[in-house]
Amino acid sequence: MSNSRICAIDVGNDSVKALFGKLDYELYIPNVIARDTEDRPVIGIEELNEKDPLDGIHIRIHSPALKDNNAIYRVGSLATKSDNASELDPGSSKSEEDQTLVMLFATLALDAVREENAGLFRKNNNVIDANYTLGTGLPLREVKEGKDVGYRSQLVGSVHQVEFLVTPKYQGLKVNIRFDQVKVYPEGFAAYINLVMDNNLNIINRDLIDKSILIQDIGGLSTDVAVIKNRNVDDDKAQGFNLGVSEALEAIREEIRSKHGVELDSRRDVVEIITRKNDRNHIMVKGSRTSVHDITDRILLELAKKQYRHLRNVWQKNSQTEICYFVGGGSMVLKEYIKTLNNNLDGYNIEFFEDEKESIWMMANAYYKLLSDFVRKNEKEENKAKEKQKQPAQK
């Protein structure tokens, strides 16, 4: 059997963040897919292999876990250029969407085909057999509803095949993905682990260990508020809401289109306009630099007020809370608005991550830490069992 490679994957609404092996590889792919045909047109086909595979992910996926089996997709950057690009809709469940699985399988296949992994996975002709031990997560609301069990069972025990079609460097290769283990973690708890522990699960933030804290994780489709007491998530008090930044980003995109006649490819373009260092909240209209501050401020302030209301309600029910950490990609978008509201209103003790990468990669890092600990403990148990088996033979 092939070796099992560790992977921690956060399928976020905006993008997929993935960490592999001994942190020897990471992947960041926009969470956008588009249905496509087998022979997508490419200008300069002879130059295809000079391009970056991540800019031209074009695949067919066969998996019993998918509702739409054997479908062909453009994925990531390539999909954002399609007229029929699909992003996850507000109100949808991450665990029940084909798009979540398409992104997950595509990410794993892109790792499996790398030359660096040639010695790890068996290859027969153009087919690579890849085994993974996966750590991933779902919103707290879905875990509380028990959807993590069904999600895990879809992955384990089946073979999921990704075939690279017109993809730079990998055209014609197929990857058979099998899972030896799948761990599905609630996102709020994962955020806490990342706050207090390093990659070896050593405590790095002793101040937080025994505090009562909230972690408000604002994603694209949902918001989780984890309540941490005595080093554990209080499952009864923790709450998940169907409120993320996607709807607001879509509203901004639509208003920019109707007011300025500018068509933005995806919500990611809106995030870029809102968060970039230079020319923030500006777009080019017919070659002229134009402010869209009025649109972004109005829509995002409205969303920040709703998020702040959730903070207030959960804090009131957990009055001994000492601090609330805002995490997730949505927190980066709403940070300044929530800070302003808090300064003008209740003045709660709240904290944001100034390091944008740390906030965006928080879930993937947390899954990696939890999964590494799980694998370590498993290996320890296996070694103990082997030692026990050896003992009678030595007598």
Side-chain angles (χ1 to χ4, degrees), residues 7-14 16-19 31 88 91-97 100-101 103-104 133-156 179 181-197 201 205 208-209 211-244 307 310-311 313-314 317-318 321 324-331 353 359-375 377:
C7 58
I9 302 180
D10 171 24
V11 185
N13 176 251
D14 175 66
V16 174
K17 283 78 64 178
L19 298 166
N31 188 354
L88 289 171
S92 62
S93 290
K94 192 188 280 191
S95 58
E96 295 172 343
E97 292 291 328
T100 306
L101 295 173
M103 294 304 301
L104 185 76
T133 296
L134 171 68
T136 189
L138 289 174
L140 199 62
R141 174 180 56 85
E142 293 185 49
V143 174
K144 285 180 90 169
E145 290 169 4
K147 289 180 178 174
D148 55 320
V149 179
Y151 184 62
R152 184 184 177 279
S153 67
Q154 283 184 312
L155 298 174
V156 177
F179 294 101
Q181 289 279 1
V182 174
K183 301 293 283 180
V184 182
Y185 303 104
E187 290 173 353
F189 174 64
Y192 172 66
I193 290 294
N194 202 61
L195 279 170
V196 298
M197 293 175 178
L201 288 226
N205 203 335
L208 281 183
I209 280 292
K211 279 188 175 179
S212 292
I213 64 175
L214 303 180
I215 297 172
Q216 189 151 333
D217 175 18
I218 305 174
L221 302 178
S222 62
T223 295
D224 285 345
V225 187
V227 180
I228 316 286
K229 291 178 182 172
N230 303 321
R231 309 186 185 196
N232 289 304
V233 175
D234 187 328
D235 289 331
D236 296 325
K237 298 281 184 73
Q239 292 188 49
F241 306 98
N242 275 329
L243 177 71
Q307 290 287 353
H310 285 317
L311 170 70
N313 289 342
V314 177
K317 290 171 187 167
N318 300 277
T321 296
C324 176
Y325 282 90
F326 280 88
V327 303
S331 293
F353 287 88
S359 187
I360 289 168
W361 281 83
M362 178 169 280
M363 290 302 159
N365 283 326
Y367 302 151
Y368 185 84
K369 291 172 186 180
L370 288 162
L371 187 66
S372 299
D373 186 53
F374 166 75
V375 169
K377 285 174 179 168

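For clarity, every value in this text was computed on a predicted model and none was experimentally measured.
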How far does [atom1] of [X] sit from [atom2] of [Y], to the nearest 0.5 angstrom?
{"X": "K237", "Y": "S212", "atom1": "NZ", "atom2": "OG", "result": "9.5 Å"}
{"X": "M197", "Y": "Y192", "atom1": "CE", "atom2": "OH", "result": "6.5 Å"}
{"X": "C324", "Y": "I213", "atom1": "SG", "atom2": "CD1", "result": "9.0 Å"}
{"X": "L138", "Y": "R152", "atom1": "CG", "atom2": "CZ", "result": "12.5 Å"}
{"X": "D14", "Y": "L221", "atom1": "CG", "atom2": "CG", "result": "10.5 Å"}

[Y] and [X], any side-chain heavy atoms less than 4.5 Å apart:
{"X": "L371", "Y": "Y367", "answer": "no"}
{"X": "D10", "Y": "V16", "answer": "no"}
{"X": "V225", "Y": "F241", "answer": "yes"}
{"X": "V143", "Y": "R141", "answer": "no"}
{"X": "T321", "Y": "K211", "answer": "no"}
{"X": "L214", "Y": "I228", "answer": "no"}
{"X": "Q181", "Y": "L134", "answer": "no"}
{"X": "T136", "Y": "Y185", "answer": "no"}

| task | Verify whether one side chain among T223 and Q307 offers a donor that lies under 3.5 Å from an acceptor in the other. | result |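 Yes, side-chain donor-acceptor contact under 3.5 Å.
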| Basic-acidic side-chain contact under 4.0 Å: K369, D373 |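 Result for this pair is no, no salt bridge flagged.
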| message | Using a strict threshold of under 4.0 Å (side-chain N to carboxylate O), is an ion pair present between K94 and E142? | response |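 Salt bridge flag = no for K94 with E142.
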Nearest heavy atoms of [X] and [Y], plus distance in Å:
{"X": "L155", "Y": "F179", "answer": "O-CD1, 3.4 Å"}
{"X": "K17", "Y": "I360", "answer": "CE-O, 3.4 Å"}
{"X": "A8", "Y": "A364", "answer": "CB-O, 3.6 Å"}

| task | Check the pair K147, S93 against side chain to side chain contact (heavy atoms under 4.5 Å, CB included), reporting the backbone distance first and the verdict last. | result | CA-CA 9 Å; K147 289 180 178 174; S93 290; 3.1 Å; yes
| Any donor-acceptor N/O pair, D217 side chain to D224 backbone, under 3.5 Å |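 No; judged by distance alone, with no hydrogens or angles, the pair does not exist.
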| field | Side-chain donor or acceptor of S95 paired with backbone N/O of D148 under 3.5 Å | value |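 Between the backbone of D148 and the side chain of S95 there is no qualifying donor-acceptor contact (under 3.5 Å).
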| said: One pair to check against side chain to side chain contact (heavy atoms under 4.5 Å, CB included): Q216 and L311. What are the steps and the verdict? | reply: CA-CA 8 Å; Q216 189 151 333; L311 170 70; 3.6 Å; yes
| message | Under the criterion side chain to side chain contact (heavy atoms under 4.5 Å, CB included), I'd like the reasoning laid out for Q239 against L140: C-alpha separation, chi angles, the key distance, then a yes or no. | response | CA-CA 7 Å; Q239 292 188 49; L140 199 62; 5.9 Å; no
